[in-house]
Q: 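Quick one: the structure is below, questions incoming.
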Amino acid sequence: MSDTRSHETRQPGVHCENHRPNLDEALRLPRIAIEHTEPTLDNGRFAVKAIAGQPVTVTSSIFTDGHDQLGAALYWRADGEAGWHRQRMKFAGNDRWQSEFTPLRVARHLFVIEAWWDVYETYRHELQKKHAAGVPLSLELQEGRLHLQRAVEHGQGEVRVMLEELLRRLERASHTEAVELLLGGEASAAMSAADAHPHRAYSNAFPLDVERERALFASWYELFPRSQTDDPQRHGTFRDVIARLPAIHDMGFDVLYFPPIHPIGRRFRKGRNNSLEAGPDDPGSPYAIGGEEGGHEAIHPQLGSREEFRELVAAAGEYDLEIALDFAVQCSQDHPWLKRHPGWFSWRPDGSIRYAENPPKKYQDIVNVDFYAADAIPGLWVALRDVVLGWVAEGVKIFRVDNPHTKPLPFWEWVIGDVRSKHPEVIFLSEAFTRPPMMLRLGKLGFSQSYTYFTWRNTKEELGAYFAELNEAPAKHCMRPNFFVNTPDINPVFLQHSGRAGFLIRAALATMGSGLWGMYSGFELCEAAALPGKEEYLDSEKYEIRPRDYLAPGNIVAEIAQLNRIRRYNPALQTHLGLQLYNAWNDNILLFGKRTADLSNFVLVAVNLDPFHAQEAHFELPLWEFGLPDHAAMHGEDLMNGHRWTWHGKIQWTRLDPDYLPFGIWKLTPPN
């Protein structure tokens, strides 16, 4: 069914930056410029990301004509709050002003900057200069008296009482006392409170998406519930997953993510290793969503009942684990929507339906909806929103969204905004491996986290450049990187031949490089068997049930647990922001540090990127970050084994052996 409606195209209008004001308009234009405000995205079109309880630093360039002194204030409020919080901004030099506030609620916030001519501060500034230069001040003292008198006339309450008292004291004061009074902090504070704020100007209202901490700091573990079994002939269940929760918790994970748990279609079901012919017992891909039992709102019957799912959510909560579900906007050819809502899909002239493709990959078991089909607006959009809300009602507050870059951007902006307006605690992870502008746009539209190019960054140069990019605008304002080391779809080439050391290298880079990281089960067992010439797993779990022995020899369970433990006890590691690269004179050793703003927690990380050979290097110990000279001492602690020592001097040496441990994680503490 095709959409025969005409679509309007908005014609270009007159943009304000190209418009020349007439005299009346020019007389109303502000004399004060408020520019280059940070943090902002596209001049306020999109919301910058923030975390409840963590400070937000706001800076802006504020200036005017002439030499008059300015005042500035920051206003902010959360959605639903009637009034604004206000705080004076401080001049930081070179026309930059700065202030800081801490949003306390998980909600959309706004902030606005106000600037004005500060008449009394201009007067004080001139009085101070003339007084210091020994210039006669009789006229200036009369001017000061007039400033106080005018302020009394429109002052109110306690401010007026303060001003009247200052005026009385000024009348009795000697010349020297009058100068001290007019320059003093008491007069400045009273005059500031009574200031009429001439030539007042306001910035745009800039939005902030303030989310809970788990949007910034979390460790994700992905598993297929059906594979939680000791027999490939027996389908795993939610109860089997409950039995595995203690082990996942002990490894330090706090998000447990499932691929789709819905009924799986039978028509065109894929067999093992993505073959086109499925055997009678092949379970099919969980991404072929929908069967006679239901669609996106339903549970695959072999996994268990809805009540058993609720038991799983509750049991996970007892281990401080949140369940994350996959939200994949696609259907099997048995999905109930094809019969109930055929107008939500695009059909070929012969009555057949086009299956999904991502050349050279073909997904014969999957068809896509048409968001802009005539019958799909608004029914399909609302139905998908209601799917999310239905799972939120079951206690799910985190969703990994499959391939959002292949769905309309307006849909994501609306559905995420609508869901979070009702449930601001909900987190959305974007699974988009696509062009950089699209990945950033998805973050701007509201996705809390994003998959990244980390999977394909292996060399020192590549990793350093990517870490730096994520710490720069606009990425730092809109994209929280989740460093997944592998996925059911991606068996990275680096891991296919690097052995146990390669898995440790990638685990260290992911856990230390970002506050968000994730792994797909089997990583802890160093599973790497690949389809020849492809980044895909041999005997992929997407198409069969794969029991595992999670204590098999050679596993890295203990190392993963320690890495997660280090993250939990070191606040500097709980974000991707603030990462700083340092010099290590070996192209195989990446050295970087992360620190808290007050330097109370500083972690230095060195990673040998060569999984086959020991590498050594001299490196710079960043003493200067602590304000220490090059010859100073620094206490170190190896956070993997607890060993402690003291370094002396800026130039140090390390050797990292992949047969032992291909990385070092050192906590730095300056001497008392």
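All values reported here derive from a predicted model rather than from experimental measurement. Positions are given from 1, in the same order as the sequence printed here.
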Q: Among T654, D657, D610, find the one that has a side-chain hydrogen bond (donor to acceptor under 3.5 Å, both in side chains) with Q615.
A: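 Only match with Q615 under side-chain hydrogen bond (donor to acceptor under 3.5 Å, both in side chains): D610.
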Q: Can a salt bridge be assigned to the pair R548 and E524 using a cut-off of 4.0 Å between side-chain N and carboxylate O?
A: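 Between E524 and R548 there is no salt bridge, as every charged N stays at least 4.0 Å from the carboxylate O atoms.
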Q: For the residue pair R546 and Y537, would you count it as a cation-pi contact if the rule is NZ or CZ under 6.0 angstrom from the ring centre and within 45 degrees of the ring axis?
A: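 No, R546 does not lie over the aromatic ring of Y537.
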Q: Roughly how far apart are T406 OG1 and Q330 CD, rounded to 0.5 Å?
A: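 CD of Q330 is found 8.0 Å from OG1 of T406.
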Q: Do we see a donor-acceptor contact under 3.5 Å between the side chains of D240 and T229?
A: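 Result is no, nothing qualifies.
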Q: Identify which one of F484, Y453, W456 satisfies the ring-ring contact (aromatic ring centres under 6.0 Å, His included) criterion when paired with F433.
A: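 Of the listed options, the one satisfying the test is W456.
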Q: Please tell me whether Y543 and N273 have a donor and an acceptor in their side chains that are separated by less than 3.5 angstrom.
A: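 The answer is no; no qualifying pair exists.
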Q: Less than 4.0 angstrom from a charged side-chain N to a carboxylate O is my criterion; do R457 and E462 meet it?
A: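 The answer is no: the pair does not qualify as a salt bridge.
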Q: For the pair K397 and I427, evaluate side-chain contact (heavy atoms from CB on, under 4.5 Å) and give the outcome as yes or no after the intermediate values.
A: CA-CA 6 Å; K397 302 300 173 65; I427 292 169; over 6 Å; no
Q: Are E222 and R400 close enough for a salt bridge, meaning some N to O gap below 4.0 Å?
A: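 Not counted as a salt bridge, because no side-chain N and carboxylate O are separated by less than 4.0 Å.
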Q: Is V369 close to V329 at the side-chain level, that is, under 4.5 Å between some pair of heavy atoms?
A: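 Yes. Closest side-chain heavy atoms under 4.5 Å.
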Q: Are a donor atom and an acceptor atom from the side chains of D350 and S352 found within less than 3.5 Å of each other?
A: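 Yes, side-chain donor-acceptor contact under 3.5 Å.
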Q: Evaluate the side-chain contact (heavy atoms from CB on, under 4.5 Å) criterion for residues W517 and L563: first the C-alpha distance (whole Å), next the side-chain angles of each, then the deciding distance (0.1 Å), finally the verdict.
A: CA-CA 11 Å; W517 86 289; L563 288 168; 6.0 Å; no
Q: With a 4.5 Å heavy-atom cut-off, do P286 and R226 have their side chains touching?
A: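 Yes, at least one pair of side-chain atoms sits under 4.5 Å.
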Q: Among residues at least two apart in sequence or on other chains, which ones pass side-chain contact (heavy atoms from CB on, under 4.5 Å) with S332?
A: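 Checked S332 against side-chain contact (heavy atoms from CB on, under 4.5 Å); matches are A288, D334, H335.
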Q: Quick one: OG on S305 to CZ on R239, what's the gap to the nearest 0.5 Å?
A: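 Spacing of OG (S305) from CZ (R239) equals 7.0 Å.
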Q: Nearest 0.5 Å, what's the OH-CG distance between Y372 and D370?
A: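 Y372 OH to D370 CG: 10.0 Å, rounded to 0.5 Å.
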Q: Is any side-chain heavy atom of L303 closer than 4.5 Å to one of H235?
A: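 With C-beta onward as the side chain, the pair touches.
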Q: Quick one: does V415's side chain get under 4.5 Å of W381's, heavy atoms only?
A: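 No - every pair of side-chain heavy atoms lies 4.5 Å or more apart.
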Q: Do R567 and D254 sit within salt-bridge range, that is, some charged N less than 4.0 Å from a carboxylate O?
A: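 Result for this pair is no, no salt bridge flagged.
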Q: Hey, does L338 have a side-chain heavy atom less than 4.5 Å from the side chain of I353?
A: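 Answer yes - side chains close enough.
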Q: Does Y520 have its ring centroid less than 6.0 Å away from the ring centroid of W220?
A: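 No: the rings miss the under 6.0 Å criterion.
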Q: Any heavy-atom pair between the side chains of N491 and K534 that's under 4.5 Å?
A: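 Of all side-chain heavy-atom pairs linking N491 with K534, none is under 4.5 Å.
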Q: May I ask you to check if R506 and F483 form a cation-pi contact, with NZ or CZ under 6.0 angstrom from the six-membered ring centre and within 45° of the axis?
A: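 Because its charged atom misses either the 6.0 Å distance or the 45° angle limit, R506 does not stack over F483.
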Q: Carefully, step by step, assess Y355 and F268 under the rule ring pair (Phe, Tyr, Trp, His ring centres under 6.0 Å).
A: CA-CA 10 Å; Y355 59 76; F268 302 99; 7.7 Å; no
Q: Can you tell me if W391 uses its side chain to pair, donor with acceptor, with the backbone of H296 under 3.5 Å?
A: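 Yes; judged by distance alone, with no hydrogens or angles, the pair exists.
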Q: Is any side-chain heavy atom of H423 closer than 4.5 Å to one of L389?
A: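 Of all side-chain heavy-atom pairs linking H423 with L389, at least one is under 4.5 Å.
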Q: Which label fits F428 and F399: parallel for a plane angle under 30°, tilted from 30 to 60°, or perpendicular past 60°?
A: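 Rings of F428 and F399: parallel, under 30°.
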Q: Rounded to the nearest 0.5 Å, what's the gap from CG on L429 to OH on Y451? Could you check?
A: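 Going from the CG atom of L429 to the OH atom of Y451 covers 5.0 Å.
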Q: Below 6.0 angstrom between ring centroids: does that apply to Y466 and F454?
A: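 Y466 vs F454: aromatic centres not under 6.0 Å.
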Q: Out of curiosity, I505 CD1 to R500 CZ, how far, rounded to the nearest 0.5 Å?
A: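 Result: 12.0 Å between the selected atoms.
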Q: Would a distance-only check, ignoring hydrogens and angles, find a side-chain to backbone donor-acceptor pair under 3.5 Å from E413 to K444?
A: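 It does not hold such a pair.
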Q: What is the distance from atom CE of M479 to atom CD of E469, rounded to the nearest 0.5 Å?
A: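 Reported value, rounded in 0.5 Å steps: 8.0 Å.
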Q: Is there a donor in the side chain of Y257 and an acceptor in the side chain of D326, or the other way round, less than 3.5 Å apart?
A: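 There is such a pair (donor and acceptor under 3.5 Å, judged by atom type) between the side chains of Y257 and D326.
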Q: Assess whether salt bridge (charged side-chain N to carboxylate O under 4.0 Å, His left out) is satisfied between R266 and E292, documenting all intermediate values.
A: CA-CA 10 Å; R266 291 201 164 271; E292 62 181 18; over 6 Å; no
Q: Is any side-chain heavy atom of V557 less than 4.5 Å from a side-chain heavy atom of Y550?
A: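 They are not in contact (no side-chain heavy atoms under 4.5 Å apart), so the answer is no.
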Q: Can you name the closest pair of heavy atoms from Y221 and S521 and give their distance?
A: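 Minimum heavy-atom separation between Y221 and S521: OH-CB, 3.1 Å.
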